[in-house]
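This chain uses plain numbering: 1 for the first residue, then up along the sequence. None of these values were measured; they are calculated from a predicted model.
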Amino acid sequence: MAAAEFKPDRSAYVRAHAWMAAIGMGGAMAVLWFMDSPHIWTGAVGGLAAIAFRGWYMASEELAVVWTLTRESLSGPAGRSVPLHQIEAVRTMGSYVQVVTKTGDKHLIKYQADPAATLNEIERAKA
């Protein structure tokens with residue numbers, strides 16, 4: 001029986017890619033500026049194009065990932081399963097929730113609309 005399912009949120013996905021695009025654009029422009037290029041603006045175009053393409057290409061895969069929380073474990077993609085008693089820490093990072101096990105394994109529950117609610121649900125199930 002599933003206590004909760006954590007599915008990615010499309011608006012959180014788009015927001016994360018907008019931040020990546022802004023950082024990529026600034027970084028590419030800075031590199032061109034340091035290289036003394038007269039065409040610094042092409043860094044913005046290239047950074048935006050790269051992240052937009054990545055976002056479009058990866059969307060169907062990233063938005064299909066579902067994590068399932070039961071009374072005994074947290075299960076995710078590719079057969080990942082973490083018994084609740086093995087969870088050492090749970091923390092938020094932007095729209096992500098990071099789950100760290102007692103053995104040091106780390107898992108990301110990505111693109112959550114309300115990462116704090118996801119964290120609280122996992123902590124509540126652990127208790």
Side-chain angles (χ1 to χ4, degrees):
M1 172 181 159
E5 282 190 341
F6 306 118
K7 298 177 181 179
D9 178 65
R10 183 172 295 278
S11 64
Y13 181 79
V14 170
R15 195 170 36 258
H17 279 77
W19 276 106
M20 282 190 281
I23 292 166
M25 291 166 70
M29 289 174 67
V31 167
L32 291 172
W33 180 71
F34 283 122
M35 292 174 44
D36 203 26
S37 172
H39 305 290
I40 294 172
W41 64 272
T42 59
V45 174
L48 178 61
I51 298 302
F53 179 72
R54 182 210 183 274
W56 168 78
Y57 185 77
M58 296 295 295
S60 62
E61 184 177 327
E62 292 284 356
L63 294 174
V65 173
V66 177
W67 286 82
T68 305
L69 178 67
T70 65
R71 290 187 198 127
E72 297 85 30
S73 67
L74 178 64
S75 303
R80 292 182 216 161
S81 183
V82 180
L84 294 180
H85 69 275
Q86 286 295 316
I87 296 176
E88 179 75 23
V90 183
R91 59 180 72 99
T92 60
M93 302 177 339
S95 65
Y96 297 178
V97 175
Q98 182 185 49
V99 177
V100 182
T101 67
K102 292 179 180 176
T103 59
D105 295 329
K106 295 176 182 169
H107 305 278
L108 282 179
I109 303 172
K110 298 180 182 179
Y111 311 116
Q112 296 297 289
D114 187 356
T118 301
L119 179 144
N120 290 335
E121 186 115 21
I122 295 169
E123 289 288 356
R124 205 171 18 257
K126 262 179 52 177

Practice item. Determine whether V100 and R91 make a side-chain contact, defined as any pair of heavy atoms from C-beta on separated by less than 4.5 Å. Key: yes
Point to revise | Side-chain touch T101/E88, heavy atoms, less than 4.5 angstrom | key: no
**Study point:** Same cluster (ILVMFWY, side-chain, under 4.5 Å), Y111 and W67
**Key:** no
Point to revise | side chain to side chain contact (heavy atoms under 4.5 Å, CB included) assessment of L84 paired with L69 | key: CA-CA 9 Å; L84 294 180; L69 178 67; 3.7 Å; yes
Check your understanding: Is there a path from F6 to L119 through hydrophobic residues (I, L, V, M, F, W, Y) whose side chains come within less than 4.5 Å of each other?
Key -> yes
**Study point:** Non-hydrogen atoms of P8 and E62 that approach each other most closely
**Key:** CG-O, 3.3 Å
**Study point:** L74 side chain reached by I109 side chain, heavy atoms, under 4.5 Å
**Key:** yes
Exercise for review: Following the transitive rule for hydrophobic clusters with a side-chain heavy-atom cut-off under 4.5 Å over Ile, Leu, Val, Met, Phe, Trp and Tyr, establish whether V82 and L108 coincide in one cluster.
Suggested key: no
Review point. Just wondering, are more than 12 heavy atoms of other shown residues or ligands nearer than 6.0 Å to CE in M93?
Key: yes
**Study point:** Residues V65, K110; criterion side chain to side chain contact (heavy atoms under 4.5 Å, CB included); working and verdict
**Key:** CA-CA 8 Å; V65 173; K110 298 180 182 179; over 6 Å; no
Check your understanding: What about L63 and W56, same hydrophobic cluster or not, with Ile/Leu/Val/Met/Phe/Trp/Tyr joined at side-chain heavy-atom distances under 4.5 Å?
Key -> yes
Review point. Nearest heavy-atom pair of H17 and I51: which atoms, and what distance?
Key: O-CG2, 3.3 Å
Point to revise | Gap separating the OG1 atom of T103 from the CD atom of Q86, nearest 0.5 angstrom | key: 6.5 Å
Check your understanding: So do the side chains of D9 and D114 get within less than 4.5 Å of each other, counting heavy atoms only?
Key -> no
Exercise for review: State, to 0.1 Å, how close K102 and H85 come at their nearest heavy-atom pair, and which atoms those are.
Suggested key: NZ-O, 2.9 Å
Revision key, fill the gap. For S81 and S75 the tightest heavy-atom approach is OG-OG, 3.7 Å
Review point. Looking only at heavy atoms, which two atoms of Q112 and A12 are closest? And how far apart?
Key: O-CB, 3.9 Å
Review point. More than 12 foreign heavy atoms under 6.0 Å from CZ of R54: is that the case here?
Key: yes
Exercise for review: To the nearest 0.5 Å, tell me how far T68 OG1 sits from K7 NZ.
Suggested key: 9.0 Å
Check your understanding: Taking the six-membered ring for Trp, are F53 and Y57 parallel (under 30°), tilted (30 to 60°) or perpendicular (over 60°)?
Key -> parallel
Practice item. Looking only at non-hydrogen atoms, find the nearest pair between Y13 and M58 and report the distance. Key: OH-C, 3.5 Å
